[in-house]
Number of protein chains: 2
Amino acid sequence: MAEPAALAREVARLGYVLDDEQVGAMRAAVVAAEPAIAVLRGRPVPMDGDADPAHGDRWARAATTARERPAAAHDGGDDSGEIGAFLAAFAAGRSTPDRAVAEALERLRTAHVALNCTIRFLDERATRAAAESTRRWADGRPRPLEGVPFGVKDVVDVAGVPTTAGSWCHGDAPAAASATVVRRLEEAGAIPVSKDATTEFAVGGPRPPRFGAVRNPWDAGRWAGGSSTGSAAAVAARAVPFALGTDVGGSVRLPAAWCGLTGLKPTAGAIPRTGIFPLSWTAETVGPLTRSAADAARLFALLRGPDGADPRGVDLPPFAPDDRPDLAGLRVAVIGGEVTAFCDADVRAGVDAAVGHLAAAGADVVEAELPHGAAALPIGYEIVFAEAATLHRLDRDRWDRYDPVTVRRISQGITTPAVDYLRALQFRAELQRELDAVLTDADLLVMPTCPSTAPWLPESGSEAVVVVDGETFPLYAAQSRTTMIANLTGAPALALPSGFAADGCPTSVQFVGRPHDEATLLRAARAVQARTDHHRRGPSPA
Amino acid sequence: MAEPAALAREVARLGYVLDDEQVGAMRAAVVAAEPAIAVLRGRPVPMDGDADPAHGDRWARAATTARERPAAAHDGGDDSGEIGAFLAAFAAGRSTPDRAVAEALERLRTAHVALNCTIRFLDERATRAAAESTRRWADGRPRPLEGVPFGVKDVVDVAGVPTTAGSWCHGDAPAAASATVVRRLEEAGAIPVSKDATTEFAVGGPRPPRFGAVRNPWDAGRWAGGSSTGSAAAVAARAVPFALGTDVGGSVRLPAAWCGLTGLKPTAGAIPRTGIFPLSWTAETVGPLTRSAADAARLFALLRGPDGADPRGVDLPPFAPDDRPDLAGLRVAVIGGEVTAFCDADVRAGVDAAVGHLAAAGADVVEAELPHGAAALPIGYEIVFAEAATLHRLDRDRWDRYDPVTVRRISQGITTPAVDYLRALQFRAELQRELDAVLTDADLLVMPTCPSTAPWLPESGSEAVVVVDGETFPLYAAQSRTTMIANLTGAPALALPSGFAADGCPTSVQFVGRPHDEATLLRAARAVQARTDHHRRGPSPA
C-alpha cells in the first residue's frame, strides 16, 4: 500500500476529495482488508468460460435450477400472518383502511419517539390512498393487499416524496416516480405510510449524522441493526405489519435478526431495484421485513419478476409458493467449518433448535461445509466498496458532509485495482460451485444469520462492536460473516427468529437456497413457525 | 501516475512480474492514455438504472431492437459466393471434398511460403473429415457446408489440436474439445484445414516472436493486419474460401479491410465464444472472414445463438436473412465529425463510392455524427487491457517470453482503478444512446473501417505506423479508431471492400447497425457487392 502522501495524490488524481484524516482512515481499512485479497490474487482461475466474471451472473439467471415441485394448493394469499389479519379485519368490517392507516401512523409516531425509526411520515399521501382503499372494500372490489399499511426504507423512492438515503446530501427534491417495488405494492392496494431510517446510503455507521441512531425495540440501549434499521424497528415495534428494506451484505437479514423478524433477501435479479438509491449493482437486493414467513411469501409473489428497467432483472416462470407443512423428503444441510465457527453459543443454540424443528417436521438433516465461505465477507466488501466508490465520485464535493463511517468504508474502493475487482467477481462463481456441491445433496443450507445478538449502541465517535461469547469484536468484521455469502453468489436467503438469548435479545437462523428457489426457504420457515411462537412474540410496548 | 519505482512496487504487490524496462513501457503507455480517461472521470452519469454498468449489456440483449422485416425469400443458402461455388462443384460432380481439401492444403502451403500465414496444417484431421464428406455427397445426404474447407485463427480451439494463441507460452497440449463455432461448422459439414497465424494472444504486435509477421497478399512488403492476421491472408490469397477470426477492437475487420475481404463482427452475445482463448470478456467477439457478404450471411446463420456455456450468450429469435437487392426504404447515415475526420483521402473516396452504390440501389442517405465516438478507442482499450491483465496474471511467471508489445499493451491494465474501469463500462451505455439516436432516423451507419490502407511491415524492434495522407501515425492510436465503437457498444459491424487506393491496396467501408440486426448490414453489403467487383478481385498469385 502506498504511503499516505502518495495515496492522497492518487485519490486526488482519480477525482476524489478527501482530507488527510479521511485518507488515513481509508488507508488503515485497505491495509486491514489486504490479506484476504492477496490470497485471492494468487489463486488461479480456469482459463475457459469460467474465467469470465459474468459466469457468476449466469448462475442467478438459471431460473430452472430450482427443482420441480408439485403445484401449490393455492396462490399464497393465505390468512395467516399480519397481512392476513389486516385483510380479514377489513373484510369482516371490523376495521377500514382509513382507520388502519391512521392507527399505523399513530403507532409509528409513538415508536419513533422511543426508537427514532422514521425519517418521514407520509400522512397526506397515505390518507388519500386509504380513502380510495376504503371505497374499494365498500364496493367489494379490493385488490390483494387493499389498505394494508407498510414502511419503506428511505433509499427506496416513493413518488412525490424526497429520498434522503439517510444523508445530509440527498433528499432536496421529491422523487418523480415510485420504485418498482413500491409501485407494485401500491398497485396491489398496499399503502406506504413512512420513509424509514437507514444508515447513510445503506453503508454508514449506526449513528448517521443527519438522523441519528435507531434503538432496538427489544432493548433501547441496543442498536436495531442495519442498514434497514428503521424498517426493522418499526415492524418489530408492531407499528406496521411489514416494510421494504435493501440487502447488500445482510442489510435486511441483520436488522431482522436483531429485531426478531423474518427478513427475505431474494435471488439476484428476482426483484427489480429500479428507483432505489444504489450502493452496489452486483450485491444489492431489495426484500421485505415481516413477522412471519407467510407474509414474506405473499409479498415476494407480488414483488418478483423483471420490470424492463433494472438491467440485471431476469425472466422468471411464475412464482409457485409451497406451503406443504410436512417437510418429508426435504434435505437440509447444517453448515459447519470455518465460516460458522465464530458464533455465540446462544445463537448456535437457536440454530440447533431450528434444525430440531425442521427434523420434527420431517426433514432429513445432513452436515456440510463451504470451504471458502469465510472469504465471502472480505471479497464481497471489495466488490461493494469499489462499486460504491464509483457511484459516489459524482458526489466528490460533499464527502465532508458524509458520515465518517460511510467515507471510511466506501473510500476503500477508490484505489481497488480493476484486476482485483474482476478477480473478486470470478470468485463469485467459485463460491457458487461450493454452494452447488452442497445443494446437490440438500435443498437448503442452515447457518446462523449473525454470530451475535444486537450490539449495544456505541458511544458517539466510538466504534461499534458485537459481543460473541463475552468477547467484543468490531461490528463490520463480524456481523455479515454468513450473510454476505448470499449477496456474493446471488443465492436467496431468509432470516427467521430462532429463539432468545440469555441477554433477552432475539436470535436468528438463516436458510440459504438454490437460485430462484425462494419457495423452499419459505416452506421450511413456515414449517418452523408452525412449531414455534418466536415470530409472534413482541417486545414490551415502549 | 506513480514514479517508476513506486509503480514497480505496486505491480509486484498486485502479483505481476515485470522488469524495469517493462514497467517503463507500461508507464509511458498509461501516461499516454490518461487524458482520455481523465475526461471520462470528470463526467457525471445519471444516478439511476443507467449508472449500472450492466445497462450496456442490456442493449445487446434487446434482440427485438432490430426492426420487423418481411420474411426472407429463402434460407440464406444461395449459390453466390465462394462457399456456393464449392457446393455447386461437389453437387455437379466436378470436384469432391477429398480433392477440395487436398487442394486447399496445397494452396495454403504455397501461400504460407510467401506470406507466413499458417501456424499448423490440419492434414490428417481434414483428410479424414473429407473422406466422410465425400461419402455423404456420394450418398446424397450432404449437410449445408458439406466438404467446404476453412481456416481457424489459432486462438480458437479445434479438438485434438494445440492452440498456441501465437505465443511461446501456450499450445503444449491438444485442445480437448472444439470451440462452439468450430463444432457448429463441423456439424454443418465444413472442414477446418489450418490453424492460422494470430498476433500473440490477439493483442501483440505485427511481429510475434514465436511465428513472425504475416505478409499482405496484395503487397508482400506490407502487413496483413491483425489480430486475425493469418486468417485474412489465407482467404485473400484464395487458399481457403473463409476463415474464423476474433474481433476485440477490430481484429476481424482491420485485416479484412487491408486484405480486401468482407469481415463480420457480430452483435455482442450473438455468437458464443466458448473454446476461444480469451482477451476481453466485454469486447471480444468471433466472426467470419469471407470474400463476399453472401458467404458471411450463410455462415452467420449457422454460427449464431447461445450454447449454454458462454455466460454472455443471449437467446435470439431465428436469424432472418434479408437479400432483397432493392434498398428502397433503407436509410443510411454517413458518419461525419471528429471520429471520422482523421482518414486518408483514398479511403474516404472508397466510403463515398460505397455510399453512391447504396443510393443507386435505392437507399436514402443522411448525415449524422457520434459526438463521443472518438472516445471509444481509449475507453475501449482501458476495458480490454484491464480484463486482459486479469487473465494474464495467471501467467505472471512467463511474461518474459511474451511479445514486448503484448506486455506493453496489457500491462497498462494492471493498475487501472476499478472505479475507472466501472466508469468506462458506464460509458458503453452513453455511446449506445448516441448510436440509438442516429439509428432512430437511419437503419445503418456508414464510416471508414480504418483511416489507412495496409501499413508497411515495421523493421524488427521499431514501432508499426500507418500512413494517412502521406503522414505517419502510430498503429495503435490510429487503426481501431472507428472499429472500437462496435466492440464497446456491442453493435454489429461489417467491413467490406470499397475499392483500391493509389498505393494499389484495398480500401474498406464499415457498416454498423442496430443490435442483432446483422441482416440489414448484410443486405446492404450484398447490394453494394451486386454493383461492384472489388470483393471478387484478388491479388496476383504469390
Side-chain angles (χ1 to χ4, degrees), chain A residues 1-3 6 9-10 13-16 34 38 41-42 44-45 47-59 61 170 272-275 277-278 281-282 309-313 315 382-383 385-387 389-391 393-395 413-424 426 429, chain B residues 1-3 6 9-10 13-16 34 38 41-42 44-45 47-59 61 170 272-275 277-278 281-282 309-313 315 382-383 385-387 389-391 393-395 413-424 426 429:
Chain A
M1 190 69 217
E3 292 308 303
R9 281 195 301 275
E10 179 68 359
R13 184 180 79 86
L14 295 177
Y16 296 82
E34 171 69 12
R41 216 174 264 152
V45 285
M47 278 293 266
D48 57 17
D50 285 6
D52 188 333
H55 195 72
D57 297 335
R58 195 183 56 160
W59 189 70
R61 246 179 248 146
H170 285 269
R273 292 98 45 101
T274 311
F277 194 98
W281 308 292
T282 301
D310 182 339
R312 295 172 198 253
D315 284 324
E382 184 185 26
I383 293 170
F385 295 150
E387 295 177 355
T390 303
L391 279 162
R393 180 156 56 181
L394 308 176
D395 238 3
I414 293 176
T415 55
T416 299
V419 293
D420 284 352
Y421 170 79
L422 288 164
R423 182 66 187 85
Q426 292 169 328
Chain B
M1 188 70 216
E3 292 308 304
R9 280 195 302 274
E10 179 67 358
R13 183 179 79 86
L14 295 177
Y16 296 84
E34 171 68 11
R41 218 173 265 151
V45 285
M47 278 294 266
D48 58 15
D50 286 7
D52 188 334
H55 196 71
D57 297 336
R58 196 184 56 159
W59 189 70
R61 246 179 249 148
H170 284 269
R273 293 98 46 101
T274 312
F277 194 98
W281 309 292
T282 301
D310 182 339
R312 293 171 199 254
D315 284 324
E382 183 186 28
I383 292 169
F385 296 150
E387 295 178 356
T390 304
L391 279 162
R393 180 155 57 180
L394 308 176
D395 239 2
I414 293 176
T415 55
T416 299
V419 293
D420 284 353
Y421 170 79
L422 288 164
R423 182 65 187 85
Q426 291 169 328

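In the text below, chain A, chain B and the rest are named by the order of the sequence lines, each starting its count at 1. If you're wondering where the values come from, they're calculated on a predicted model, not measured in any experiment.
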Problem set entry | Heavy-atom pair with the smallest gap, counting every atom of A/Arg393 and B/Val419 | NH2-O, 3.1 Å
For this session: Please look at A/Arg9 and chain B and tell me whether the side chain, the backbone, both or neither of the residue comes under 4.5 angstrom of a heavy atom of that chain.
Result: neither
Problem set entry | Nearest atoms (heavy-atom pairs only) where A/Ala51 meets B/Trp281 | O-CZ2, 3.2 Å
Exercise. Picking from A/Leu14, A/Ile414, A/Thr415, which has the most non-hydrogen pairs under 4.5 angstrom with chain B?
Worked result: A/Leu14
For this session: Can you tell which part of B/Ala54 gets under 4.5 Å to a heavy atom of chain A, answering side chain, backbone, both or neither?
Result: both
Problem set entry | Selection from B/Arg312, B/Glu34, B/Arg423 maximising heavy-atom pairs under 4.5 Å formed with chain A | B/Arg312
Problem set entry | Check ion pair B/Asp420-A/Arg13 (N to O, under 4.0 angstrom) | no
Problem set entry | Proximal component of B/Phe385, with respect to chain A [non-hydrogen, under 4.5 Å] | neither
Exercise. Of the backbone (N, CA, C, O) and the side chain (C-beta and beyond), which part of A/Gln426 lies under 4.5 Å from a heavy atom of chain B, both, or neither?
Worked result: side chain
Exercise. Non-hydrogen atoms of chain B under 4.5 Å away: do they reach the side chain of A/Ala386, the backbone, both or neither?
Worked result: both
For this session: Looking only at non-hydrogen atoms, find the nearest pair between A/Leu394 and B/Pro44 and report the distance.
Result: CD2-CA, 3.7 Å
Problem set entry | Minimum heavy-atom distance A/Arg41-B/Gly15, with the two atoms named | CD-N, 4.4 Å
Seminar exercise, completed: Hits for side-chain hydrogen bond (donor to acceptor under 3.5 Å, both in side chains) against B/Glu382, two or more places apart or cross-chain, chain-then-number order -> none
Exercise. To the nearest 0.5 Å, what is the distance between OG1 (A/Thr282) and CG (B/Leu422)?
Worked result: 8.0 Å
Exercise. Does any heavy atom of chain A fall under 4.5 Å from the side chain of B/Glu387, the backbone, both, or neither of them?
Worked result: both
Exercise. Is there a donor-acceptor pair under 3.5 Å between the side chain of B/Arg58 and the backbone N or O of A/Gly313?
Worked result: no
Exercise. CG/B/Asp52 to CG/A/Leu391 distance, rounded to the nearest 0.5 angstrom?
Worked result: 8.5 Å
